[in-house]
Enquirer: 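Quick one: the structure is below, questions incoming.
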Amino acid sequence: MPPAPELFTWEFATDPYPAYAWLREHSPVHRTTLPSGVEAWLVTRYADAKQALADARLSKNPAHHAEPAHAKGRTGIPGERKAELMTHLLNIDPPDHTRLRRLVSKAFTPRRIAEFAPRVQELTDRLIDSFAQKGEADLIHEFAFPLPIYAICDLLGVPREDQDDFRDWAGMMIRHGGGPRGGVARSVKKMRGYLLELIHRKRENPGDDLISGLIRASDDGEHLTENEAAAMAFILLFAGFETTVNLIGNGVHTLLGHPEQRERLQRSLAAGETELLATGVEELLRYDGPVELATWRFATEALTIGGQPVAEGDPVLVVLAAADRDPERFAAPDTLDLSRRDNQHLGYGHGIHYCLGAPLARLEGQAALATLLKRLPDLRLAVEPADLRWRGGLIMRGLRTLPVEFTPEAVPGEGDALSTL
């Protein structure tokens, strides 16, 4: 057997798919040492991944980690333990998970998301307005990043005058070590303090927003505590913005690298159709999705995954990016096909931990891509593809920057004087 490829290098981050193809073929449940020093199993085949995501013996609670307590801080979101923000859906199991998800679902309804669509479109247009006349932009920092931040802040009920603070804190959180030492933990702590204060204000003066809905939500008379509500608001913000940043950034990057598929989508949008946009976003989620690995799971007992024995207490990471390119599940998995029908990808997970915010992310992704392609039809990379850099980090997959060029939009009013001559 050829030697295993090196994982988690900068070269790997640029294109992990050949390495994942090797793992699927030669070591589908693979023991590795992560950059943090934690040893974990990587699950790479679709069938094994889907089974593992729904396996109740794989707990989300870090208390089941077999390593010493000091290692537990390296298996979640930096700073969440010290900030007392651990009680959220990504870290708990039934029955607590069932109770909290039911409570949150009452506030995070499909109707609320559908009613939010005009605001998402307004934000999308406003952000494009800010750079459309320049002829160039960094689509990550000027578009893909601020769109979901402002959207989730609006949905949560964060006042407009406070949203730039959230943008700063969120920016620190997605740098994955690229900022000052301890910056992520400090940002998480500041966010917790603000959320607790906001929850207190919403209790006294509720509104028609998600945090007010979380406070009102009850199940057999049982309400979320303030700490639970803060943790839930935190994870909705954290999980709800970086995934969408990467969905938009990775999606645009993929379309720019596949001009025939991009032109096909532009023709469909110009004809007023929406079907290809909907299937296209699902294909972009499969082909180069925003979440590379599912969040941590820990074996509560000895078990077998894909024929591989896994010991009690071992961490297990399901590699969504590998599973979604498994040729045993997807025909021509390395080919981008925006009209792909049989596309039950795992980009937003599977089972009881399926992403609660997936409808919002899809709404934002569709609005962002459709509006960009219609308003800036000759969008193109402003650098060589090899010069792009991907953010470091274990769970998420996204670009640091995405410099683009395009024909500037005309300034409103230009040519009006000529037209009257």
Side-chain angles (χ1 to χ4, degrees), residues 29 40-43 45-65 75-77 80 85-110 112-113 210 213-214 217-220 222-225 228-229 231-240 242-243 282 285-286 289-301 303-306 310 312-324 329 343-362 395-396:
V29 182
W41 295 98
L42 302 181
V43 180
R45 288 180 179 169
Y46 183 92
D48 297 335
K50 191 171 182 180
Q51 179 181 344
L53 290 172
D55 195 326
R57 297 171 298 174
L58 293 175
S59 169
K60 300 292 291 177
N61 190 339
H64 291 290
H65 192 184
T75 60
I77 300 169
E80 66 176 353
L85 289 171
M86 293 287 290
T87 313
H88 57 68
L89 293 176
L90 295 185
N91 286 336
I92 56 175
D93 305 314
D96 288 335
H97 177 274
T98 308
R99 176 181 69 88
L100 287 182
R101 183 159 180 132
R102 188 183 301 127
L103 287 169
V104 175
S105 296
K106 290 181 179 180
F108 209 78
T109 61
R112 183 186 293 274
I113 301 304
L210 190 54
L214 288 174
S218 63
D219 183 16
D220 297 326
E222 187 174 18
H223 292 264
L224 288 166
T225 67
E228 288 174 337
M232 288 308 310
F234 166 73
I235 202 59
L236 288 172
L237 176 76
F238 182 81
E242 190 172 5
T243 52
E282 298 308 304
L285 284 163
R286 183 201 69 82
V291 184
E292 190 166 348
L293 282 73
T295 49
W296 295 84
R297 285 166 167 78
F298 306 93
T300 59
E301 61 183 75
L303 68 152
T304 300
I305 303 175
V310 173
E312 179 181 353
D314 278 359
V316 174
L317 290 166
V318 176
V319 188
L320 307 178
D324 281 343
R329 176 59 185 82
N343 196 2
Q344 296 181 22
H345 62 77
L346 301 176
Y348 284 120
H350 173 69
I352 65 170
H353 290 283
Y354 183 82
C355 179
L356 192 66
L360 176 60
R362 288 186 168 102
I395 302 299
M396 301 291 185

Enquirer: Hey, does the side chain of D324 reach the backbone of L346 with a donor-acceptor pair shorter than 3.5 angstrom?
Expert: yes

Enquirer: Between atom CG of L285 and atom CG of L320, what is the distance when rounded to the nearest 0.5 Å?
Expert: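 These two atoms lie 11.0 Å from each other.
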
Enquirer: Can you name the salt bridge (Lys or Arg N to Asp or Glu O under 4.0 Å) partners of R286, sequence neighbours left out?
Expert: E283

Enquirer: Does A233 have any side-chain contact (heavy atoms from CB on, under 4.5 Å) partners at least two apart in sequence or in another chain, and if so, which?
Expert: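 With sequence neighbours excluded, A233 shows a side-chain contact (heavy atoms from CB on, under 4.5 Å) to L156, L195, I211, given in chain and number order.
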
Enquirer: Check the pair I395 / V291 against side-chain contact (heavy atoms from CB on, under 4.5 Å), numbers first and verdict last.
Expert: CA-CA 6 Å; I395 302 299; V291 184; 4.0 Å; yes

Enquirer: State the CD1-NZ distance between I352 and K60, to the nearest 0.5 angstrom.
Expert: 9.5 Å

Enquirer: Using 0.5 Å steps for rounding, measure from the CG atom of D93 to the NE2 atom of H64.
Expert: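 D93 CG to H64 NE2: 5.5 Å, rounded to 0.5 Å.
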
Enquirer: Measuring from atom CD1 of I305 to atom CG of L58, what distance do you get when rounded to the nearest 0.5 angstrom?
Expert: 5.0 Å

Enquirer: Please enumerate all residues that pass side chain to side chain donor-acceptor pair (under 3.5 Å) together with K50, with sequence neighbours excluded.
Expert: none

Enquirer: Can you list the residues that meet the side chain to side chain donor-acceptor pair (under 3.5 Å) rule with D96, with sequence neighbours excluded?
Expert: none

Enquirer: Report the residues that fulfil salt bridge (Lys or Arg N to Asp or Glu O under 4.0 Å) with R329, sequence neighbours left out, ordered by chain and then residue number.
Expert: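 D342.
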
Enquirer: Atom CG in L210, atom CD1 in I113: separation rounded to 0.5 Å?
Expert: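 With rounding to 0.5 Å, CG (L210) is 7.5 Å from CD1 (I113).
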
Enquirer: Kindly write out the residues that satisfy salt bridge (Lys or Arg N to Asp or Glu O under 4.0 Å) with E282, not counting sequence neighbours, or none if the list is empty.
Expert: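 Residues passing salt bridge (Lys or Arg N to Asp or Glu O under 4.0 Å) with E282: R362.
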
Enquirer: Taking only residues two or more places apart in sequence, or in another chain, which ones meet A40 in a side-chain contact (heavy atoms from CB on, under 4.5 Å)?
Expert: L34, W296, P315, L317

Enquirer: What's the spacing between L42 CG and L293 CG if we round to 0.5 Å?
Expert: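 Between atom CG of L42 and atom CG of L293 there are 6.5 Å.
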
Enquirer: For Q51, enumerate each residue passing the side-chain contact (heavy atoms from CB on, under 4.5 Å) test, keeping only those at least two apart in sequence or located in another chain.
Expert: none

Enquirer: Does H353 have any ring pair (Phe, Tyr, Trp, His ring centres under 6.0 Å) partners at least two apart in sequence or in another chain, and if so, which?
Expert: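 Counting only residues at least two positions away or on another chain, H353 forms a ring pair (Phe, Tyr, Trp, His ring centres under 6.0 Å) with H97.
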
Enquirer: For D314, check side chain to side chain donor-acceptor pair (under 3.5 Å) against everything at least two apart and list the hits.
Expert: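 Here the qualifying residues are R31, W41.
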
Enquirer: Tell me every residue that passes side chain to side chain donor-acceptor pair (under 3.5 Å) with R45, counting only those two or more places apart in sequence or in another chain.
Expert: none

Enquirer: Would you sort out whether L53 and R297 count as a side-chain contact (heavy atoms from CB on, under 4.5 Å), showing the intermediate values?
Expert: CA-CA 9 Å; L53 290 172; R297 285 166 167 78; 3.7 Å; yes

Enquirer: Using the side-chain contact (heavy atoms from CB on, under 4.5 Å) criterion, which residues pair with E301? Sequence neighbours excluded.
Expert: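 Once residues adjacent in sequence are excluded, the partners of E301 under the side-chain contact (heavy atoms from CB on, under 4.5 Å) criterion are R57.
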
